[in-house]
Amino acid sequence: MASSRGGGSQQVIRTGDMEKMSLDQLKAVKEQADIEVNLLQDSLNNIRAATGRLENASAALHDLSLRPQGKKMLVPLTASLYVPGTLDDADKILVDIGTGYFVEKTMAEGKDYCERKINLLKSNFDQLIEVASKKKTLADEAGLILQAKLKQSSPSS
C-alpha cells in the first residue's frame with residue numbers, strides 16, 4: 001500500500017516539473033509511463049482471467065454439491081480429456097492451493113476458499129485500476145508537454 005502512495009507522490013513532483021524537463025527527459029518519462037501502463041494492463045488481464053477461473057470453480061462446486069452420491073459423471077483430466085467416474089462423496093473435495101499442492105476440504109470450506117480468493121482478486125484489481133489510471137494520466141501529460149515543446153522548437157529551427 002505504501003509503495004502505491006509513493007508512486008503517486010512521485011507523479012505529483014514529476015507533473016509539476018515536466019515543463020522544466022528537456023525533450024529527452026520528457027521522452028524517457030513518457031516511455032517509462034507507457035511501459036508501466038502496459039505491464040499494469042497485463043496484470044489486470046491476468047487478474048480477470050484468474051477471477052473467471054475461480055468463479056467457474058465456485059459454480060462447479062455448487063453443481064457438484066447438488067449431485068447425489070453414486071452419480072455417474074465425466075471427470076475432466078484436462079481441458080479436452082474426460083474419463084467416466086462415479087461420485088463417491090460430494091462433501092470432500094481437493095482444492096488446488098498453488099504450485100501443485102492440493103488440500104482436502106469440505107464442500108463449504110472449498111466454496112469459502114473460492115469466495116475469499118475472488119474477493120482478494122477483485123480488491124487487487126481495483127487497486128491496480130487506480131495505479132494504472134494515474135500512470136496513464138502521467139503518460140498523457142508528458143506526451144502533451146512533449147508535443148508542445150516540439151512545436152515550440154520547430155518554428156525556431
Side-chain angles (χ1 to χ4, degrees), residues 1-18 26-147:
M1 193 75 164
S3 63
S4 66
R5 286 184 185 157
S9 64
Q10 289 176 348
Q11 177 184 343
V12 172
I13 293 169
R14 285 184 180 169
T15 303
D17 293 338
M18 271 197 276
L26 276 173
K27 285 179 188 176
V29 167
K30 178 159 178 34
E31 288 173 7
Q32 181 63 34
D34 286 339
I35 289 169
E36 290 174 5
V37 167
N38 289 335
L39 289 173
L40 288 167
Q41 187 62 47
D42 289 345
S43 295
L44 288 169
N45 290 337
N46 291 338
I47 288 175
R48 261 190 225 111
T51 302
R53 286 191 305 271
L54 280 167
E55 287 171 343
N56 288 341
S58 183
L61 286 176
H62 177 72
D63 290 345
L64 186 63
S65 69
L66 301 176
R67 295 178 187 259
Q69 187 171 347
K71 172 83 173 166
K72 294 204 183 279
M73 58 192 310
L74 290 175
V75 180
L77 295 182
T78 67
S80 61
L81 178 63
Y82 292 78
V83 295
T86 304
L87 183 60
D88 182 34
D89 185 3
D91 195 48
K92 291 181 184 174
I93 59 169
L94 289 178
V95 177
D96 182 355
I97 59 171
T99 61
Y101 288 96
F102 292 85
V103 176
E104 185 175 298
K105 293 188 176 279
T106 65
M107 182 65 69
E109 290 170 338
K111 288 178 181 178
D112 180 59
Y113 177 83
C114 286
E115 288 304 312
R116 285 185 291 119
K117 285 294 207 179
I118 288 169
N119 290 336
L120 176 66
L121 287 173
K122 286 181 178 178
S123 172
N124 289 347
F125 185 85
D126 293 341
Q127 290 174 359
L128 277 179
I129 287 282
E130 185 178 324
V131 172
S133 173
K134 288 178 182 177
K135 291 292 180 183
K136 179 73 171 129
T137 300
L138 176 67
D140 291 345
E141 288 176 4
L144 289 173
I145 293 170
L146 185 60
Q147 286 178 352

All side-chain contact (heavy atoms from CB on, under 4.5 Å) counterparts of Ser58, not counting sequence neighbours:
Cys114, Glu115
Enumerate donor-acceptor pairs with a distance under 3.5 Å from any side-chain N or O in residues 59-67 to protein atoms, sequence neighbours excluded.
| from | atom 1 | to | atom 2 | distance (Å) |
| --- | --- | --- | --- | --- |
| Ser65 | OG | His62 | O | 2.6 |

Distance col, row Leu120:CG vs Phe125:CZ, nearest 0.5 angstrom, shows 14.0 Å
Show me the side-chain donor-acceptor pairs of residues 101-110 shorter than 3.5 Å, one per line, residues at least two apart or across chains.
| from | atom 1 | to | atom 2 | distance (Å) |
| --- | --- | --- | --- | --- |
| Thr106 | OG1 | Glu109 | N | 3.2 |
| Thr106 | OG1 | Glu109 | OE1 | 3.4 |
| Glu109 | OE1 | Thr106 | N | 3.0 |

What's the separation between atom CD1 in Ile97 and atom NZ in Lys117, rounded to the nearest 0.5 Å?
9.0 Å
With sequence neighbours left out, what residues match Asp112 under salt bridge (Lys or Arg N to Asp or Glu O under 4.0 Å)?
Arg116
Before giving the answer on side-chain contact (heavy atoms from CB on, under 4.5 Å), spell out for Gln147 and Leu144 the whole-Å C-alpha distance, their side-chain angles and the decisive distance to 0.1 Å.
CA-CA 5 Å; Gln147 286 178 352; Leu144 289 173; 4.2 Å; yes
Could you check whether any side-chain N or O of Thr51 sits under 3.5 Å from a backbone N or O of Ile47, counting only pairs where one atom can act as donor and the other as acceptor?
yes
CG (Leu128) and CG (Asn45) are apart, to the nearest 0.5 Å, by 11.0 Å
Would you please name every residue forming a side-chain contact (heavy atoms from CB on, under 4.5 Å) with Asp140, sequence neighbours left out?
Lys136
For the backbone of Ser133 and the side chain of Thr137, can you confirm whether one donor and one acceptor N or O come within less than 3.5 Å of each other?
yes
Sequence-distant partners of Asp126, side-chain contact (heavy atoms from CB on, under 4.5 Å), two or more places apart
none
Once salt bridge (charged side-chain N to carboxylate O under 4.0 Å, His left out) is applied, what residue pairs with a partner in residues 52-61 remain, sequence neighbours excluded?
Glu55-Lys122
Residues Leu87 and Ala90: closest non-hydrogen pair is CD2-CB, 3.9 Å
Thr78: side-chain contact (heavy atoms from CB on, under 4.5 Å) partners, not counting sequence neighbours
Ser80, Leu81
Could you work out, with side chain to side chain donor-acceptor pair (under 3.5 Å) as the rule, every residue matching Lys30, not counting sequence neighbours?
Asp34
To the closest 0.5 Å, what do you measure between CD1 (Ile129) and CD (Gln41)?
7.0 Å
Please find the pair of heavy atoms, one from Thr86 and one from Gly70, that lie closest to each other, and give the distance.
CG2-O, 3.4 Å
